[in-house]
Amino acid sequence: MKTVKVNASKNYDVIIGEGVRALLPEKIKELFKNGKVMIVTDSKVSSLHLEKIKMLLDENKIENDAFVFPEGEKSKSPETLFELLESLAEKRFTKSDVLLALGGGVTGDLTGLAAAMFLRGVHIIQMPTTLLSAVDSSVGGKTAVNLKAGKNLAGVFNQPELVLCDTSLLETLEDDVFADGMAEVIKYGVLADKELFDKVKSGNVKESIEEIIARCVEIKRDIVAEDEFDKGKRQLLNFGHTLGHAIEAESNFEISHGTAVAMGMVLAAEISYKNKLTEINLTEEIEEACRNNSLKTACPYELEKLASFAGSDKKISGKTISFIVPEKLGECVGVKMDLSEFSRMLEMN
Ligand code: GLY
(Lines give C-alpha, C1' and ligand atoms only; values in the text may rest on other atoms or scores of the structure.)
Protein backbone atom coordinates (compact mmCIF):
# COMPACT_ATOMS: atom_id res chain seq x y z
CA MET A 1 0.00 0.00 0.00
CA LYS A 2 1.24 3.50 -0.84
CA THR A 3 -0.04 6.88 0.34
CA VAL A 4 0.57 10.07 -1.62
CA LYS A 5 -0.25 13.29 0.25
CA VAL A 6 -1.73 16.09 -1.84
CA ASN A 7 -1.38 19.67 -0.63
CA ALA A 8 -3.74 21.98 -2.45
CA SER A 9 -6.63 24.20 -1.33
CA LYS A 10 -7.60 21.04 0.55
CA ASN A 11 -5.02 18.55 1.86
CA TYR A 12 -5.84 14.90 1.32
CA ASP A 13 -4.42 11.42 0.96
CA VAL A 14 -4.42 9.25 -2.13
CA ILE A 15 -4.19 5.68 -0.83
CA ILE A 16 -3.21 3.12 -3.46
CA GLY A 17 -3.06 -0.65 -3.10
CA GLU A 18 -4.78 -3.99 -3.42
CA GLY A 19 -7.86 -4.18 -1.20
CA VAL A 20 -7.66 -0.62 0.17
CA ARG A 21 -11.43 -0.28 -0.22
CA ALA A 22 -11.57 -2.07 3.17
CA LEU A 23 -10.37 1.23 4.68
CA LEU A 24 -13.51 3.03 3.52
CA PRO A 25 -15.64 2.61 6.72
CA GLU A 26 -12.90 3.72 9.11
CA LYS A 27 -11.98 6.66 6.88
CA ILE A 28 -15.63 7.78 6.67
CA LYS A 29 -15.96 7.58 10.46
CA GLU A 30 -12.66 9.41 10.96
CA LEU A 31 -13.32 12.17 8.41
CA PHE A 32 -17.08 12.67 8.58
CA LYS A 33 -18.24 11.22 11.95
CA ASN A 34 -21.82 10.06 11.33
CA GLY A 35 -22.15 11.15 7.72
CA LYS A 36 -24.26 9.07 5.38
CA VAL A 37 -22.98 8.10 1.97
CA MET A 38 -24.42 8.48 -1.52
CA ILE A 39 -22.58 6.06 -3.80
CA VAL A 40 -22.59 7.48 -7.32
CA THR A 41 -21.79 5.00 -10.06
CA ASP A 42 -22.71 3.98 -13.60
CA SER A 43 -24.71 0.95 -14.74
CA LYS A 44 -21.60 -1.05 -15.69
CA VAL A 45 -19.55 -0.41 -12.53
CA SER A 46 -22.66 -0.95 -10.44
CA SER A 47 -23.02 -4.50 -11.77
CA LEU A 48 -19.36 -5.23 -10.97
CA HIS A 49 -18.66 -3.44 -7.69
CA LEU A 50 -21.68 -1.75 -6.08
CA GLU A 51 -22.81 -4.71 -3.98
CA LYS A 52 -19.45 -5.20 -2.28
CA ILE A 53 -19.13 -1.50 -1.44
CA LYS A 54 -22.69 -1.36 -0.06
CA MET A 55 -22.04 -4.48 2.00
CA LEU A 56 -18.89 -2.94 3.45
CA LEU A 57 -20.85 0.13 4.54
CA ASP A 58 -23.84 -1.89 5.81
CA GLU A 59 -21.61 -4.19 7.88
CA ASN A 60 -20.11 -1.10 9.50
CA LYS A 61 -23.54 0.47 10.06
CA ILE A 62 -22.89 3.41 7.77
CA GLU A 63 -26.14 4.62 6.23
CA ASN A 64 -25.92 4.63 2.46
CA ASP A 65 -27.84 4.99 -0.77
CA ALA A 66 -26.90 4.70 -4.43
CA PHE A 67 -27.42 6.83 -7.53
CA VAL A 68 -26.83 4.74 -10.66
CA PHE A 69 -26.79 6.39 -14.10
CA PRO A 70 -26.39 4.90 -17.61
CA GLU A 71 -22.80 4.08 -18.55
CA GLY A 72 -21.06 6.34 -21.08
CA GLU A 73 -19.92 9.84 -21.97
CA LYS A 74 -23.52 10.89 -22.78
CA SER A 75 -24.28 10.79 -19.05
CA LYS A 76 -21.66 13.45 -18.35
CA SER A 77 -24.40 16.00 -18.89
CA PRO A 78 -26.25 18.81 -17.10
CA GLU A 79 -29.32 16.52 -17.12
CA THR A 80 -27.62 13.69 -15.15
CA LEU A 81 -26.00 16.25 -12.86
CA PHE A 82 -29.39 17.74 -11.95
CA GLU A 83 -30.95 14.28 -11.52
CA LEU A 84 -28.21 13.53 -9.00
CA LEU A 85 -28.76 16.86 -7.21
CA GLU A 86 -32.53 16.26 -7.08
CA SER A 87 -31.95 12.78 -5.70
CA LEU A 88 -29.66 14.15 -2.95
CA ALA A 89 -32.28 16.72 -2.01
CA GLU A 90 -35.13 14.20 -2.09
CA LYS A 91 -33.18 11.83 0.15
CA ARG A 92 -32.40 14.70 2.52
CA PHE A 93 -28.63 14.61 2.30
CA THR A 94 -27.00 17.33 4.41
CA LYS A 95 -23.68 19.15 4.59
CA SER A 96 -22.23 16.52 6.91
CA ASP A 97 -22.85 13.74 4.37
CA VAL A 98 -20.54 12.43 1.68
CA LEU A 99 -20.65 11.48 -1.99
CA LEU A 100 -18.62 8.46 -3.06
CA ALA A 101 -17.62 8.56 -6.74
CA LEU A 102 -17.22 4.89 -7.64
CA GLY A 103 -16.06 4.65 -11.24
CA GLY A 104 -14.05 6.17 -14.04
CA GLY A 105 -13.60 9.72 -15.28
CA VAL A 106 -17.26 10.38 -16.12
CA THR A 107 -18.38 9.37 -12.62
CA GLY A 108 -15.57 11.25 -10.88
CA ASP A 109 -16.09 14.50 -12.81
CA LEU A 110 -19.89 14.42 -12.49
CA THR A 111 -19.87 13.58 -8.78
CA GLY A 112 -17.16 16.13 -8.04
CA LEU A 113 -19.26 18.86 -9.62
CA ALA A 114 -22.43 17.71 -7.80
CA ALA A 115 -20.49 17.75 -4.49
CA ALA A 116 -19.38 21.33 -5.15
CA MET A 117 -22.92 22.45 -6.01
CA PHE A 118 -25.15 20.59 -3.55
CA LEU A 119 -25.80 22.86 -0.55
CA ARG A 120 -22.81 24.86 -1.92
CA GLY A 121 -20.47 22.04 -0.97
CA VAL A 122 -20.61 18.54 0.52
CA HIS A 123 -17.77 16.08 1.04
CA ILE A 124 -16.52 13.77 -1.69
CA ILE A 125 -14.39 10.64 -1.79
CA GLN A 126 -13.06 9.42 -5.12
CA MET A 127 -12.79 5.66 -5.62
CA PRO A 128 -11.44 5.16 -9.17
CA THR A 129 -12.21 1.92 -11.01
CA THR A 130 -10.28 2.63 -14.23
CA LEU A 131 -6.54 3.13 -14.68
CA LEU A 132 -7.25 6.47 -16.34
CA SER A 133 -9.19 7.80 -13.36
CA ALA A 134 -6.62 6.29 -10.95
CA VAL A 135 -3.68 8.17 -12.50
CA ASP A 136 -5.46 11.30 -13.64
CA SER A 137 -9.06 12.37 -13.11
CA SER A 138 -9.58 11.24 -9.49
CA VAL A 139 -6.71 13.47 -8.32
CA GLY A 140 -6.36 17.23 -8.67
CA GLY A 141 -9.94 18.43 -8.31
CA LYS A 142 -11.03 19.11 -11.88
CA THR A 143 -14.77 18.45 -12.20
CA ALA A 144 -17.09 19.07 -15.14
CA VAL A 145 -19.95 18.05 -17.34
CA ASN A 146 -20.07 18.40 -21.11
CA LEU A 147 -22.16 21.00 -22.93
CA LYS A 148 -23.52 20.72 -26.47
CA ALA A 149 -20.58 22.82 -27.71
CA GLY A 150 -17.92 20.52 -26.26
CA LYS A 151 -16.35 18.41 -23.54
CA ASN A 152 -15.91 19.59 -19.93
CA LEU A 153 -17.19 23.10 -20.64
CA ALA A 154 -19.06 23.53 -17.32
CA GLY A 155 -17.16 22.71 -14.15
CA VAL A 156 -15.27 23.91 -11.10
CA PHE A 157 -12.15 22.97 -9.17
CA ASN A 158 -13.21 20.87 -6.18
CA GLN A 159 -10.61 18.74 -4.41
CA PRO A 160 -11.82 15.50 -2.79
CA GLU A 161 -11.37 14.68 0.91
CA LEU A 162 -9.80 11.32 0.07
CA VAL A 163 -8.92 9.13 -2.92
CA LEU A 164 -9.04 5.37 -2.31
CA CYS A 165 -7.51 3.58 -5.26
CA ASP A 166 -8.06 -0.15 -4.84
CA THR A 167 -5.95 -1.80 -7.54
CA SER A 168 -8.01 -5.01 -7.32
CA LEU A 169 -10.93 -3.07 -8.83
CA LEU A 170 -8.81 -2.62 -11.98
CA GLU A 171 -8.63 -6.39 -12.53
CA THR A 172 -12.05 -6.46 -14.23
CA LEU A 173 -11.04 -3.86 -16.83
CA GLU A 174 -11.20 -4.87 -20.48
CA ASP A 175 -7.81 -4.67 -22.23
CA ASP A 176 -8.73 -1.61 -24.29
CA VAL A 177 -9.93 0.29 -21.20
CA PHE A 178 -6.70 -0.58 -19.37
CA ALA A 179 -4.72 0.57 -22.44
CA ASP A 180 -6.58 3.90 -22.35
CA GLY A 181 -5.10 4.56 -18.92
CA MET A 182 -1.64 3.59 -20.14
CA ALA A 183 -1.73 6.53 -22.56
CA GLU A 184 -1.86 8.84 -19.53
CA VAL A 185 0.91 6.86 -17.79
CA ILE A 186 3.15 7.24 -20.87
CA LYS A 187 2.28 10.97 -20.88
CA TYR A 188 3.57 11.30 -17.29
CA GLY A 189 6.79 9.54 -18.29
CA VAL A 190 7.38 11.88 -21.25
CA LEU A 191 6.62 15.02 -19.31
CA ALA A 192 8.32 14.33 -15.99
CA ASP A 193 10.06 10.99 -15.51
CA LYS A 194 12.31 9.16 -17.98
CA GLU A 195 12.68 6.26 -15.56
CA LEU A 196 8.90 5.79 -15.52
CA PHE A 197 8.83 5.97 -19.32
CA ASP A 198 11.58 3.33 -19.59
CA LYS A 199 9.76 1.12 -17.10
CA VAL A 200 6.44 1.13 -18.97
CA LYS A 201 7.62 1.23 -22.57
CA SER A 202 7.81 -2.58 -22.90
CA GLY A 203 4.15 -2.92 -21.93
CA ASN A 204 4.83 -5.22 -18.97
CA VAL A 205 3.15 -3.14 -16.34
CA LYS A 206 0.52 -5.17 -14.50
CA GLU A 207 2.96 -6.64 -11.95
CA SER A 208 4.02 -3.20 -10.76
CA ILE A 209 0.77 -1.31 -11.26
CA GLU A 210 0.61 -0.02 -7.66
CA GLU A 211 4.05 1.54 -7.94
CA ILE A 212 3.27 2.97 -11.40
CA ILE A 213 -0.01 4.56 -10.26
CA ALA A 214 1.69 6.02 -7.17
CA ARG A 215 4.46 7.57 -9.30
CA CYS A 216 1.91 9.14 -11.69
CA VAL A 217 -0.07 10.52 -8.74
CA GLU A 218 3.14 11.97 -7.24
CA ILE A 219 3.91 13.74 -10.52
CA LYS A 220 0.38 15.11 -10.72
CA ARG A 221 0.48 16.06 -7.02
CA ASP A 222 3.64 18.14 -7.56
CA ILE A 223 2.17 19.93 -10.57
CA VAL A 224 -1.16 20.61 -8.80
CA ALA A 225 0.66 21.91 -5.70
CA GLU A 226 2.34 24.50 -7.92
CA ASP A 227 -0.61 25.39 -10.14
CA GLU A 228 -3.90 24.05 -8.80
CA PHE A 229 -6.03 26.37 -10.95
CA ASP A 230 -4.44 25.60 -14.32
CA LYS A 231 -2.86 28.97 -15.00
CA GLY A 232 0.54 27.71 -16.11
CA LYS A 233 2.47 24.57 -15.17
CA ARG A 234 -0.63 22.35 -14.96
CA GLN A 235 -1.06 22.84 -18.69
CA LEU A 236 1.90 20.47 -19.14
CA LEU A 237 -0.59 17.70 -18.29
CA ASN A 238 -2.19 18.48 -21.65
CA PHE A 239 0.71 16.95 -23.57
CA GLY A 240 -0.95 15.12 -26.47
CA HIS A 241 -4.40 16.40 -25.45
CA THR A 242 -4.94 19.42 -27.74
CA LEU A 243 -4.73 17.20 -30.81
CA GLY A 244 -6.14 14.25 -28.83
CA HIS A 245 -9.36 16.13 -28.04
CA ALA A 246 -9.61 17.20 -31.69
CA ILE A 247 -9.26 13.54 -32.77
CA GLU A 248 -11.94 12.43 -30.28
CA ALA A 249 -14.31 15.14 -31.50
CA GLU A 250 -13.63 14.45 -35.20
CA SER A 251 -14.41 10.75 -34.60
CA ASN A 252 -17.65 11.71 -32.85
CA PHE A 253 -16.16 10.07 -29.75
CA GLU A 254 -15.82 6.68 -31.48
CA ILE A 255 -12.06 6.88 -30.79
CA SER A 256 -11.50 6.54 -27.04
CA HIS A 257 -9.75 9.23 -24.99
CA GLY A 258 -6.60 7.15 -24.39
CA THR A 259 -6.22 6.19 -28.04
CA ALA A 260 -6.75 9.80 -29.09
CA VAL A 261 -4.14 10.97 -26.55
CA ALA A 262 -1.68 8.34 -27.86
CA MET A 263 -2.22 9.64 -31.41
CA GLY A 264 -2.01 13.22 -30.10
CA MET A 265 1.31 12.57 -28.32
CA VAL A 266 2.89 11.02 -31.40
CA LEU A 267 1.68 13.90 -33.58
CA ALA A 268 2.83 16.50 -31.04
CA ALA A 269 6.32 14.96 -31.01
CA GLU A 270 6.49 14.84 -34.82
CA ILE A 271 5.14 18.38 -35.34
CA SER A 272 7.44 19.77 -32.63
CA TYR A 273 10.50 18.28 -34.31
CA LYS A 274 9.54 19.20 -37.86
CA ASN A 275 8.85 22.79 -36.81
CA LYS A 276 12.12 23.06 -34.87
CA LEU A 277 10.36 23.58 -31.53
CA THR A 278 12.61 20.84 -30.16
CA GLU A 279 15.99 19.45 -31.16
CA ILE A 280 15.27 15.82 -30.32
CA ASN A 281 12.82 13.70 -32.28
CA LEU A 282 10.90 11.54 -29.79
CA THR A 283 8.25 10.39 -32.25
CA GLU A 284 9.48 6.82 -32.62
CA GLU A 285 10.10 6.22 -28.93
CA ILE A 286 6.65 7.47 -27.94
CA GLU A 287 5.06 5.50 -30.77
CA GLU A 288 6.80 2.30 -29.67
CA ALA A 289 5.77 2.75 -26.02
CA CYS A 290 2.15 3.28 -27.10
CA ARG A 291 2.19 0.31 -29.47
CA ASN A 292 3.66 -2.01 -26.79
CA ASN A 293 0.80 -0.94 -24.53
CA SER A 294 -1.84 -1.87 -27.13
CA LEU A 295 -2.53 1.71 -28.19
CA LYS A 296 -3.06 2.65 -31.84
CA THR A 297 -0.98 5.63 -32.88
CA ALA A 298 -1.82 6.33 -36.55
CA CYS A 299 -4.18 9.30 -36.74
CA PRO A 300 -6.86 8.62 -39.40
CA TYR A 301 -7.54 12.33 -40.05
CA GLU A 302 -5.91 15.10 -42.05
CA LEU A 303 -4.14 17.53 -39.73
CA GLU A 304 -5.80 20.56 -41.27
CA LYS A 305 -9.17 19.08 -40.33
CA LEU A 306 -8.02 18.83 -36.71
CA ALA A 307 -6.93 22.47 -36.69
CA SER A 308 -10.51 23.75 -36.57
CA PHE A 309 -11.40 21.45 -33.64
CA ALA A 310 -8.22 22.38 -31.83
CA GLY A 311 -9.33 26.01 -32.19
CA SER A 312 -12.40 25.38 -30.02
CA ASP A 313 -10.52 23.54 -27.27
CA LYS A 314 -11.12 24.96 -23.79
CA LYS A 315 -7.36 25.12 -23.19
CA ILE A 316 -7.21 28.14 -25.43
CA SER A 317 -7.02 31.58 -23.91
CA GLY A 318 -8.11 34.39 -26.23
CA LYS A 319 -6.44 33.60 -29.53
CA THR A 320 -3.39 31.97 -27.96
CA ILE A 321 -2.68 28.29 -27.48
CA SER A 322 -0.08 26.67 -25.25
CA PHE A 323 1.24 23.78 -27.32
CA ILE A 324 3.06 21.22 -25.17
CA VAL A 325 6.37 20.24 -26.71
CA PRO A 326 8.44 17.23 -25.58
CA GLU A 327 12.03 18.51 -25.26
CA LYS A 328 13.47 15.19 -24.10
CA LEU A 329 12.15 12.16 -22.25
CA GLY A 330 11.10 13.48 -18.84
CA GLU A 331 10.79 17.11 -19.87
CA CYS A 332 8.12 19.07 -21.71
CA VAL A 333 7.60 22.81 -22.18
CA GLY A 334 4.57 24.89 -23.15
CA VAL A 335 5.10 26.99 -26.27
CA LYS A 336 2.62 29.84 -26.58
CA MET A 337 1.52 30.63 -30.12
CA ASP A 338 -1.29 32.31 -31.97
CA LEU A 339 -4.06 30.00 -33.08
CA SER A 340 -3.44 31.05 -36.67
CA GLU A 341 0.24 30.07 -36.32
CA PHE A 342 -0.79 26.71 -34.79
CA SER A 343 -3.21 26.03 -37.65
CA ARG A 344 -0.54 26.97 -40.20
CA MET A 345 1.88 24.57 -38.51
CA LEU A 346 -0.64 21.73 -38.75
CA GLU A 347 -1.49 22.50 -42.35
CA MET A 348 2.18 22.36 -43.34
CA ASN A 349 2.67 18.85 -41.93
N1 GLY B 1 -6.33 16.02 -16.57
C2 GLY B 1 -5.52 17.16 -16.57
C3 GLY B 1 -5.53 17.92 -15.31
O4 GLY B 1 -6.00 17.43 -14.30
O5 GLY B 1 -5.08 19.04 -15.27
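Atoms within each ligand, like the ligands themselves, are counted from 1 in listed order. Numbering of residues begins at 1 and proceeds along the displayed sequence.
Using a 4.0 Å cut-off between a side-chain N of Lys or Arg and a carboxylate O of Asp or Glu, Lys328 and Glu331 qualify as a salt bridge. Using a 4.0 Å cut-off between charged side-chain N and carboxylate O, Glu161 and Lys27 make no salt bridge.
Residue Asp230 places no N or O, backbone or side chain, under 3.5 Å from any N or O of ligand 1. In terms of polar-atom proximity, Asn238 is not counted as a contact of ligand 1, lacking any N or O under 3.5 Å from an N or O of the ligand.
With sequence neighbours excluded, no residue satisfies salt bridge (charged side-chain N to carboxylate O under 4.0 Å, His left out) with Glu279.
Atom 4 (O) of ligand 1 has its closest protein heavy atom at Lys220 NZ, 2.7 Å. In terms of protein heavy atoms, atom 2 (C) of ligand 1 is closest to Asp136 OD1, 3.8 Å.
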Per-pair distances, 0.1 Å, donor-acceptor, side chain in residues 188-198, under 3.5 Å, sequence neighbours excluded:
from	atom 1	to	atom 2	distance (Å)
Tyr188	OH	Val135	O	2.7
Asp193	OD1	Glu195	N	3.0
Asp193	OD1	Leu196	N	3.1
Asp193	OD2	Arg215	NE	2.6
Asp193	OD2	Arg215	NH2	3.4
Lys194	NZ	Asp198	OD2	2.8

